[in-house]
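Below: one structure, written as structure tokens.
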Amino acid sequence: MNDDAQSSHGRLIIVSNRLPVVFERTGEELTFRPGSGGLVTALAPVLRDRGGIWIGWSGLPESEQQAVDKLLSDSSVASGYALRAVPLTPRDLDDYYYGFANEILWPLFHDLQSHCNFDPSYWEAYRRVNHKFALKTKETINEDDFIWIHDYHLMLTAASLRELDVRNPLGFFLHIPFPSPDIFIKLPWRFQVLHALLSFDLVGFQTMRDKRNFVQCVRMLLPDVIVRSEGAFHIMRHEGNEVRAGVFPISIDFGEFERRAKSEEVAKSAWYLHEALPDRQIILGIDRLDYTKGIPYRLQAYRNALRRYPALREKITLVQVVVPSRADIPKYHDLKTEIERLVSEINGEFTLSGWVPIHYIFRHLTRGELLGYYRTAEIALITPVKDGMNLVAKEYIACNIENNGVLILSEFAGAVAQLHRDALLVNPYDIEAVADALHRAFMMDQDERRERMRRLRAVVKRYDIYRWVEAFLGAAVSRHLFDFPMIAEYIPPEDAPDLGVSI
Ligand code: GDG
């Protein structure tokens, strides 16, 4: 164990696939700057106050590892907490990250098993790399540190740590959905993954449905495990270990989004965006390029709305931002081609002089641009076919400081569990229903918009990212079970058949 850590105790060790910083090399000089995600914003103060270390891959090739290690050991004091990099070889990256994580776990856990490539060599790499993360963690920690491991890339790390005789308390949070038993059993390594998850002390999910799926998988595949429920938690006894499973819906730094949305810079950018699209409502879609985000169905729904509701023509504009992602994977390339074909078909069918129905943007927006769109759009159209949470929905709400926006939200986004009362809910596969919701949002009067948005803002403000961190860490250290509020059962709309879905 690390000598310089001996004097401190009870620190927080975060382990995730990537470090929360961006490295930049200019000639001889290697530098890094903090990343901008909500997770790092929320965890940084805790890491600083309590002392802590973040362990993850640097994003750079192995040849840079010495330079990265040197830079990180020199800068640990300046950032208030230390960073430690796990070296990954090009083969690790291909087979563990692109392979097992992105070609198996990502599609399977989003219910898209037909997208999976169950290549056995990926499993070997996944085990090997999870072990590498465990070795780096072991060499970094102190006896009484709490270790919090994040996401689907690292589901075996606790089991490796236990094999390495690490006895520290171990927490895990899954950012993506956990699939139902019918889907999970298709994973050739289902027993190993489930066993490994039972090596943690606390396992956190985004929604009740994810937790329920996990518990059902354990009951079905590992009948020797004793499962009981206690308050909001399920407790599983397995080989002398007791694992608690709970629900912790992740959120955003509401105050920071709201503050920045009110700034002069964002107000100006919002004004210019609308000035360029006068007398019409802006419908905003913002997604990473990913087949889980339901972009082709959304475009078809938009076309359906323009066909069935001619009054919408020239009165609405869809701004669809697609952020490039995982471009090396062929499925993602095909998706981009499909999106661009649909955009050009729809623009070809409906464009009139002075009106283009879809503004398509394929690039990463600056934070200022993103907030400008959030603030100015009258309608957010968020229709993933499956999503762990969907932070874009919460960010849109936080930035809607004029209280005049309408959120159209997929029934299959985790966010629906908290936002279902005041968003317009849609089944993203039902393009006519999404078209109807667009029409309804367009027609909604200001009073109804204000009431709905006011309540949505109150929910996101109350249950922000700080509350999430507090809830997870509270549950991890306390023998008292922490019951996270605001988890609603999702009831499908009255006129829909009862799907028996609870989220
Ligand atoms: C995983 C789960 C879960 C997007 N475009 C731009 C941009 N963004 C930022 C947004 C938001 C983030 O990216 C996307 O967050 P999501 O939650 O929508 O999705 P994933 O990246 O898939 O994340 C997801 C999440 O983990 C947290 O647990 O909600 O379900 O899949 O923060 O603001 N940021 C900038 N320019 C862009 O163009 N600057």
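Both counts, for ligands and for their atoms, begin at 1 and track the order of listing. Heavy atoms only: backbone and side chains are in, while hydrogens, waters and symmetry mates are out.
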Could you tell me which atoms of ligand 1, counted from 1 in the order shown, lie closer than 4.0 angstrom to a heavy atom of Lys293?
18 (O), 19 (O), 22 (O)
Residue part near ligand 1, for Ile286, under 4.0 Å between non-hydrogen atoms
side chain
In this structure, does ligand 1 have an atom that sits under 4.0 Å from one of the heavy atoms of Trp468?
no
Less than 3.5 Å apart, any donor N or O on the side chain of Asp334 or Thr337 sitting next to an acceptor on the other?
no
Can Phe214 and Phe184 be said to form a ring pair (Phe, Tyr, Trp, His ring centres under 6.0 Å), step by step?
CA-CA 9 Å; Phe214 172 68; Phe184 185 77; 8.4 Å; no
Residue pairs involving residues 109-118 (criterion salt bridge (charged side-chain N to carboxylate O under 4.0 Å, His left out); sequence neighbours excluded):
Asp111-Lys386
If we number the atoms of ligand 1 from 1 as shown, the ones under 4.0 Å from a heavy atom of Glu395 are 10 (C), 11 (C), 32 (O), 33 (O)
Ring-plane angle category for Phe32 and Phe23, please: parallel below 30°, perpendicular beyond 60°, tilted otherwise.
tilted
Nearest heavy atom to atom 26 (O) of ligand 1 wins, so pick from Arg367, Glu369, His175, His150.
His175
Hey, does Trp106 come in under 3.5 Å of ligand 1, counting only N/O atoms on both sides?
no
If we number the atoms of ligand 1 from 1 as shown, the ones under 4.0 Å from a heavy atom of Leu391 are 15 (O), 16 (P), 17 (O), 18 (O), 27 (C), 29 (O)
Using distance alone, determine whether Leu365 and ligand 1 share an N or O pair under 3.5 Å.
yes
Worked check of side chain to side chain donor-acceptor pair (under 3.5 Å) between Asp253 and Tyr466
CA-CA 7 Å; Asp253 185 349; Tyr466 297 102; 2.9 Å; yes
Let me know which of Phe100, Phe172, Trp106, Phe109 forms a ring pair (Phe, Tyr, Trp, His ring centres under 6.0 Å) with Tyr152.
Trp106
Polar proximity ligand 1 side, Asp387 side, N/O cut 3.5 Å exclusive:
yes
Checking Tyr332 against Asp290: is there a side-chain donor and acceptor pair closer than 3.5 Å?
yes
Does NZ or CZ of Lys336 come closer than 6.0 Å to the centre of the six-membered ring of Phe362, within 45° of the ring's axis?
yes
With atoms numbered from 1 as shown, which atoms in ligand 1 lie under 4.0 angstrom from a non-hydrogen atom of Tyr374?
33 (O)
For ligand 1, is there an N or O atom under 3.5 Å from any N or O atom of Val321?
no
Rounding to 0.5 Å, atoms CZ (Phe442) and CD (Glu378) come to a distance of 9.5 Å
Which of the numbered atoms in ligand 1 are under 4.0 angstrom from any heavy atom belonging to Ile250?
27 (C), 28 (O)
Ligand 1 and His110, any nitrogen or oxygen pair closer than 3.5 angstrom?
no
N or O contact, Arg288 vs ligand 1, cut-off under 3.5 Å:
yes
For Gln206, atoms of ligand 1 separated by under 4.0 Å from a heavy atom
3 (C), 28 (O)
Show the atoms of ligand 1 that are less than 4.0 angstrom away from any heavy atom in Gly388.
30 (O)
Side-chain donor or acceptor of Tyr302 paired with backbone N/O of Leu318 under 3.5 Å
yes
Test side chain to side chain contact (heavy atoms under 4.5 Å, CB included), reference Arg457, set Arg462, Arg452, Lys394, Glu258, output is Glu258
Heavy-atom proximity to atom 6 (C) of ligand 1, picking from Ile252, Leu174, Asp290, Val323, points to Val323
